[in-house]
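Proteins come first, then strands; the chains are lettered A, B, ... in the order of their sequence lines, and each starts at number 1.
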4 protein chains.
Amino acid sequence: MDGAVGADDLESRPRPLPATARGRRSRQALLEAARTVFARDGFSEARITDIADAAKVAHGSFYTYFSSKEEIFVALIHELEEDLRSPGRDDDLRDGARGHEPYESILRANRDYLEAYRRHSAIMIVWEQVATLDTQVERLRLAASDRFAARIEVVVRHWQETGVADPGLDARYAALALTGMVSNFVYRWSASGADFDVTRAAEQLSLLWANALGVRVPPHRR
Amino acid sequence: MDGAVGADDLESRPRPLPATARGRRSRQALLEAARTVFARDGFSEARITDIADAAKVAHGSFYTYFSSKEEIFVALIHELEEDLRSPGRDDDLRDGARGHEPYESILRANRDYLEAYRRHSAIMIVWEQVATLDTQVERLRLAASDRFAARIEVVVRHWQETGVADPGLDARYAALALTGMVSNFVYRWSASGADFDVTRAAEQLSLLWANALGVRVPPHRR
Amino acid sequence: MDGAVGADDLESRPRPLPATARGRRSRQALLEAARTVFARDGFSEARITDIADAAKVAHGSFYTYFSSKEEIFVALIHELEEDLRSPGRDDDLRDGARGHEPYESILRANRDYLEAYRRHSAIMIVWEQVATLDTQVERLRLAASDRFAARIEVVVRHWQETGVADPGLDARYAALALTGMVSNFVYRWSASGADFDVTRAAEQLSLLWANALGVRVPPHRR
Amino acid sequence: MDGAVGADDLESRPRPLPATARGRRSRQALLEAARTVFARDGFSEARITDIADAAKVAHGSFYTYFSSKEEIFVALIHELEEDLRSPGRDDDLRDGARGHEPYESILRANRDYLEAYRRHSAIMIVWEQVATLDTQVERLRLAASDRFAARIEVVVRHWQETGVADPGLDARYAALALTGMVSNFVYRWSASGADFDVTRAAEQLSLLWANALGVRVPPHRR
DNA sequence: GATGAATGAGTATTCATTCAT
DNA sequence: CATGAATGAATACTCATTCAT
């Protein structure tokens, strides 16, 4: 999963939330059950039957709220976004653009990303999986990655203009490659089942990132 | 798909090749049909029936040679490896260790990788997909990535010792991150359906890579 | 099939009966269809498809109630038991133990058994067949036979103690052999397709049984 | 399996034995492999493939000698017969008719039968199974039983005429029932997997048999 | 809204049997 | 005669989705 998420402009409008409290409870129970079942069984193996069972609602009720496994998965991702876009995150790098020490901005952004990913690693891994199976989710994922990369690209370009970063780089390639580096790193590490030291990983990745861009690394960070 | 592949120590011994020429022809026809069908339909959608049809053999004959879709896929990957490990590839970076200009070694290794990936991009993308579905293939993939990263790690360490690369980096993290950067880049680009300029991509990635490691980039390469 | 049946302690707990009347109707229709199809085609030849068709339910519905041909067969046997254990049967021989004329007890027990067997001969023959194919059913059958034989053994021992039966016999062997004699007789006769005269068969078998045990046969019965 | 076997008048003429020594070796290897495989897997589970593999001949070669699983099974039974009809056996009861002590004749016949059955119990049990599946084998089995019973019937009738056996019995019923008693007893015992004491079983069964018929049991045998 | 039974399309898989070499 | 690859008929089984109550 690359970078931040959120691409609500790609799918059909979500249906309105249920009118009654009972309805809202059922819908929520289904979402939570889905999170559990997807994390446990993966997307392909997860059966709607199991989700309904885990939510303690009748099988038929599933269709009152969602029309397919894909749809409930997308709804789950939307819930996820709220946490991934936690306050501050978006501003990590813009801060950088606003004159703070660039290396610190990079470090903060990477640490936030690693932490968010780890918090949701089970479902993030499933997201990777679903992206390979479902075109809509694939586009969602690529769009999210690209949007994130585009944001980085702007920052990199700004740094190049202000002499902070190596002007010889192609900002677009650099942004794509470096965001990919981080997301691939954390995915591979999570998928292998191993845990990892977020602080150390964030440091090392930020060091590589800063070096790659030619951004100055404060001496005490080496 | 990350880095080079090959993990024949991970799965059960393959069954012996068919004794007769006719048998070998059938097996080969199935493998080629599988390549086509997987590339066209993806792994989940591919039906064994279609593979047998495409190979012009009876459905039952599929089971003479392979016992499942997973098994024929793994056999396919093994064929792929031979091309991915094409002569010279393995030596790209060892050359670097042997005293050639390090940046040139990096560039050559990256270009070779990008070209091999593009040559097989359809099946490489399916490999990514299958890895999310099948544990054996997942391990195969992670092992291949790790093996590749381990090779890079040795080179990086050597460069650090000889003053070519930044000694402040953790060689292991750097190797994981940078190999992941390249493979993620090429996967994302290929998956988006867009084509890309191998030469330019190799240059830019190598530049980032060299910068990240603190390896000197020859002036004419900037 | 040897002796009386019933071994509900041998298989896994049956799933709960359907909650709705409609469900109970479907389940029952499947059981009745299974009885017909098994009796007509035998166990091996019976196809689940045919059972579902005969029950006028969709094929998939079969699996709502039973998970295999074996399982529906066992359910069928349990229904059968209720009739085989019809009121009075169990007491036939205990009567004997309570002081009625022993020969009359034997005669009544044998006649009841022959009649019950004939009433269900088609399915009883299939039971024999399934027992040779399915370990669970085999154990069910042997257990049923053994339980029946054990009951007879108690009676024989009682008769030996009270001077009614030959004390030189081993009650266990005698019980096994004589119950087997009756069940084998009726199976063989039924399987040959011929019908038989229950009254005469019961008389002759009881005569042999009584003679074998040394039980006095009333003169008018000779 | 009831009584002695042999009913070569029921099936089509066997094909001539192979002309060459090599052919005879193959045929014999298949028969021996079949015996092993049937005993291990039962008839339904046994696959022709496995028999050919066990015999170390090509699958296709099976059909050079036998045209089906049923056919090789019948051939196996014919081999069996030679041992079941071992010298003396047939005469056991005729001896009885010729003036020896009847009880001793019964005892010898039963002991011979139990011993032969035990020697071949694995395949005898399979024979029971096949009889429930295959009409030809079923008829073979019933015919064998009936023939044996018919032989006993003659003896019983002779004993009745000479005042040795109870004239009140129906010789036909008695013969059917008593031969069935023995074969059922040994089958049930063998199928339960338990071993048994042939001498004791033969004594007890003979005692029951003699008592049932009203044949005098020598005092030292009680 | 909730329930849970009914539906049936869609494929994998086995293995006896044939036949070209 | 031997070989072993090719054939394809025949069914079981799953599970998303619908719908009567």
| Quick check: does any side chain N or O of A:Gln129 sit under 3.5 Å from a backbone N or O of A:Phe43, one acting as donor and the other as acceptor? | yes
On a heavy-atom basis, the closest approach of A:Val74 and A:Val137 is CG2-CG2, 4.1 Å
Closest non-hydrogen contact found for D:Lys69 with D:Ser44 is NZ-O, 3.4 Å
From CZ of B:Arg25 across to P of F:dG4 the rounded distance in Å is 17 Å
Ordered by number, residues from residues 32-53 of chain D within less than 4.0 Å of DNA chain F (heavy atoms) are none
* To do: Before giving the answer on side-chain contact (heavy atoms from CB on, under 4.5 Å), spell out for A:Arg27 and A:Phe66 the whole-Å C-alpha distance, their side-chain angles and the decisive distance to 0.1 Å.
  => CA-CA 9 Å; A:Arg27 198 190 115 100; A:Phe66 306 98; 3.6 Å; yes
note: D:Glu71, atom CD; E:dT17, atom P; distance rounded to Å ~ 11 Å
key: Evaluation steps, side-chain contact (heavy atoms from CB on, under 4.5 Å), between B:Leu133 and A:Leu133   = CA-CA 10 Å; B:Leu133 300 175; A:Leu133 300 174; 4.3 Å; yes
B:Arg22 atom CZ is separated from F:dA5 atom C1', nearest whole Å, by 5 Å
In short, A:Asp41 meets A:Ala46 closest at the heavy-atom pair CB-N, 4.0 Å
Distance col, row A:Ile72:CD1 vs A:Arg35:CZ, nearest 0.5 angstrom, shows 10.5 Å
Note, DNA chain F 5' to 3' with Watson-Crick or G-U pairs under 3.5 Å encoded as ( ), [ ], | and . gives .||||||||||||||||||||
Of B:Val126, B:Thr132, B:Val130, the one forming a side-chain contact (heavy atoms from CB on, under 4.5 Å) with A:Thr132 is B:Thr132
- Item | Distance below 4.0 Å between C:Thr20 side-chain N/O and E:dG4 OP1 or OP2 | no
Note: contacts of residues 59-67 of chain B with DNA chain F (heavy atom, under 4.0 Å) are B:Gly60, B:Ser61, B:Tyr65
In terms of heavy-atom contacts, C:Ala33 and C:Ala55 come closest through CB-N, 3.6 Å
Without swapping roles, check the side chain of B:Ser61 against the backbone of B:Thr64 for a donor-acceptor pair under 3.5 Å. no
Separation of F:dT17 atom C1' from A:Glu70 atom CD, nearest Å, is 14 Å
OP1, OP2 of F:dT17 versus side-chain N and O of A:Ser68: anything below 4.0 Å?
no
When rounded to whole Å, the CG to P distance for the pair D:Asp134 and E:dA16 reads 15 Å
Looking only at heavy atoms, the pair that brings D:Phe62 and D:Ser68 closest together is CZ-O, 3.8 Å
